[in-house]
Amino acid sequence: MTAPGAQAIQIDGLRVSFGDFVAIPQLTFIARYGEVHGVIGPNGAGKTTMLDVITGKTRPKAGTVRLDGKVDLLGMDEPAIALAGVGRKFQKPSVFEALSVRENLETALRLKPRSILAEIRSWADPRRGTRVAEVLEEIGLSDLADTPAGILAHGQKQWLEIGMLLMQRPKLLMLDEPVAGMTEEETRHTADLVRRLRSPERAVLVIEHDMAFVEEIADRVTVLHEGNPIFEGRMADARQDPLVRQVYLGR
Ligand SMILES: Nc1ncnc2c1ncn2[C@@H]1O[C@H](COP(=O)(O)OP(=O)(O)OP(=O)(O)O)[C@@H](O)[C@H]1O
Ligand SMILES: [Mg+2]
C-alpha cells in the first residue's frame, strides 16, 4: 500500500548532456501516487530525455532518481528498473501482430524472469485469467479479446500496448505522446482510458503536445523548457502563465 500523494518518483539534481550539449541542466521533479501528471513543453525541451533517464536508457551526468522515496534507479539497468515497477510506452505500438489481443496480454505477464516450474504454475493460476479480464475491461477491448492484434486500428493497438504495461501493475506508468496520430474519436477514448488509470497505487506520467487532451487528463502539469521546469500546477493556470505562453503556448 502507498500513502495517497506519496512520491512515486523523485528526481533531484539531474543533469543530462550529449557531448557538449546540455539537454537537462539541473532538474528537480516529483510525480505522486494517485495522480496523472502531464509533462509538456516545446520540441527539444527534454521531456523524452527525462523518461529515458527514468527507464535507464540514458545515463545522466549527475543526480538521483528515486522510486518510492528509496531505490535510486540510476544504479539499476533497464530490465531491473522495469521489474521495480516502471512501465513505459513508446509512441510506436509494438504488439505481437499474429497473436490475439488476449494472448498479447498473457505474454506481457511472462516478461518477469522466473523458473520454468514457476512459469508453468503461473499459467495454471486462475488469477492470471482474472487479471487478463480486468485489463481487457480497463482498456475497453473485451469484445476484441480473440481478434489478432495485427488487424486492430492504430488507436486500438495503442490501448492494447497500455494494457500490456498494466499487466505488470506498474507503480509508475509513462506514456510518450499517446494520442499522436490518433483520430478525434480515438483521442477521446484514450482520454477516458487515461483518466481511469488514476489509482492510489500508481503514478501516471503523460507527455503530450495535444493541450486539450492534457487538460482533460492531467491533475497537474509540469512545463519543461530547455530542460528546466518553468511551471508546475494546473493546466488551466499554465495557459495563463506569461512565461509558458511566451515559450510554448503563445506560438
Ligand atoms: N541521444 C541523443 N544524442 C544527442 N542529442 C540528443 C539525444 N537525445 C536527445 N537529444 C537532444 O536533447 C534535446 C532534448 O530532446 P528530447 O527528445 O528530450 O526532447 P522532447 O522534449 O521530447 O521533444 P519533442 O517534443 O520534440 O519530442 C534535444 O535538443 C535533442 O536533440
Ligand atoms: Mg519527445
Side-chain angles (χ1 to χ4, degrees), residues 9-31 35-65 67 73-74 76-79 81-82 86-94 154-155 157-158 161-162 165 170 172-182 186-187 190-191 194 197 203-218 220-233 235 238-239 241 243-251:
I9 201 88
Q10 180 185 358
I11 298 178
D12 277 307
L14 183 72
R15 182 177 180 82
V16 184
S17 55
F18 302 102
D20 289 341
F21 175 72
V22 179
I24 297 179
Q26 214 225 3
L27 177 67
T28 297
F29 177 86
I30 288 168
E35 290 192 356
V36 176
H37 194 134
V39 179
I40 62 176
N43 296 115
K47 306 181 295 295
T48 299
T49 301
M50 182 173 97
L51 263 51
D52 288 343
V53 169
I54 295 173
T55 58
K57 187 170 174 235
T58 294
R59 292 286 157 192
K61 294 292 179 285
T64 55
V65 178
L67 185 67
L73 299 182
L74 297 182
M76 297 159 63
D77 63 10
E78 285 189 74
I81 291 170
V86 175
R88 188 238 189 117
K89 196 188 140 347
F90 290 90
Q91 194 176 318
K92 203 170 160 289
S94 55
H154 170 73
K157 282 185 190 169
Q158 301 276 3
E161 204 181 351
I162 292 173
L165 293 169
L172 175 67
L173 179 63
M174 306 193 288
L175 310 174
D176 198 348
E177 304 200 24
V179 300
M182 282 193 179
E186 287 173 332
T187 300
T190 306
V194 173
L197 292 179
V204 182
L205 262 189
V206 182
I207 294 178
E208 189 44 73
H209 285 290
D210 181 332
M211 288 305 110
F213 175 80
V214 173
E215 183 144 19
E216 270 199 48
I217 58 152
R220 185 194 302 269
V221 297
T222 294
V223 184
L224 281 188
H225 175 53
E226 297 176 350
N228 296 303
I230 58 166
F231 175 91
E232 188 179 308
M235 186 64 214
R239 287 188 189 280
D241 187 86
L243 184 56
V244 174
R245 293 175 72 96
Q246 187 194 325
V247 304
Y248 189 42
L249 300 173
R251 296 167 313 159

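The shown structure was predicted, so the numbers you read here are calculated from the model rather than taken from an experiment. In listed order, ligands and their atoms are each counted from 1. Along the sequence shown, the residues carry numbers beginning at 1.
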Item to complete: Determine the minimum heavy-atom distance between His209 and Lys47, stating which atoms define it.
Response: CE1-NZ, 3.7 Å
Discussion item. Regarding ligand 1, does Phe18 bring an N or O atom to under 3.5 Å of one of the ligand's N or O atoms?
Written reply: no
Discussion item. So does His37 get a backbone contact from the side chain of Glu35, meaning a donor-acceptor N/O pair under 3.5 Å?
Written reply: no
Discussion item. Using a 3.5 Å distance criterion without hydrogens, assess whether the side chain of Asn228 forms a donor-acceptor pair with backbone atoms of Ile230.
Written reply: no
Practice prompt. Could you tell me whether atom 30 (C) of ligand 1 has a protein heavy atom closer than 4.0 Å?
Written response: no
Discussion item. Does any N or O of ligand 1 fall below 3.5 Å from an N or O anywhere on Ala45, backbone included?
Written reply: yes
Worksheet entry | Atom indices of ligand 1 within 4.0 angstrom of Ala23 heavy atoms, with elements | 12 (O)
Discussion item. I'd like to know if the side chain of Gln158 and the backbone of Val179 have a donor-acceptor N/O pair within less than 3.5 Å.
Written reply: no
Practice prompt. Considering only NZ, NE, NH1 and NH2 on the basic side and carboxylate oxygens on the acidic side, decide whether Arg220 and Glu232 come within less than 4.0 Å.
Written response: yes
Response to the item:
ligand 1 atoms nearer than 4.0 angstrom to some heavy atom of Thr49 are 9 (C), 14 (C), 15 (O), 16 (P), 18 (O)
Practice prompt. Give the atoms of ligand 1, by number and element, whose distance to some non-hydrogen atom of Gly46 is under 4.0 Å.
Written response: 14 (C), 18 (O), 19 (O), 20 (P), 21 (O)
Discussion item. Under 2.8 Å from the Mg ion (ligand 2), is there any N, O or S atom belonging to Thr49?
Written reply: no
Practice prompt. Specify the protein heavy atom at minimum distance from atom 26 (O) of ligand 1: its residue, its atom name, and the distance to 0.1 Å.
Written response: Asn43 ND2, 2.8 Å
Worksheet item: To the nearest 0.1 Å, how far is atom 14 (C) of ligand 1 from its closest protein heavy atom, and which atom is that?
Response: Gly44 O, 3.3 Å
Discussion item. Can a donor-acceptor pair be found, under 3.5 Å and without considering hydrogens, that links the side chain of Arg245 to the backbone of Arg239?
Written reply: yes
Item to complete: Specify the closest pair of heavy atoms between Leu73 and Ile54, including all atoms of both residues, with the distance to one decimal.
Response: CD1-O, 3.7 Å
Worksheet item: Judged by atom type as modelled, is there a donor-acceptor pair below 3.5 Å linking the side chain of Arg88 to the main-chain atoms of Leu165?
Response: no
Fill in: Proximity flag Glu177 to ligand 1, non-hydrogen atoms under 4.0 Å
yes
Worksheet, complete the sentence: atom 22 (O) of ligand 1 sits nearest the protein heavy atom Thr48 OG1, 2.8 Å
Discussion item. At less than 4.0 angstrom from any non-hydrogen atom of Phe21, what atoms of ligand 1 do you find?
Written reply: 11 (C), 12 (O), 13 (C), 29 (O)
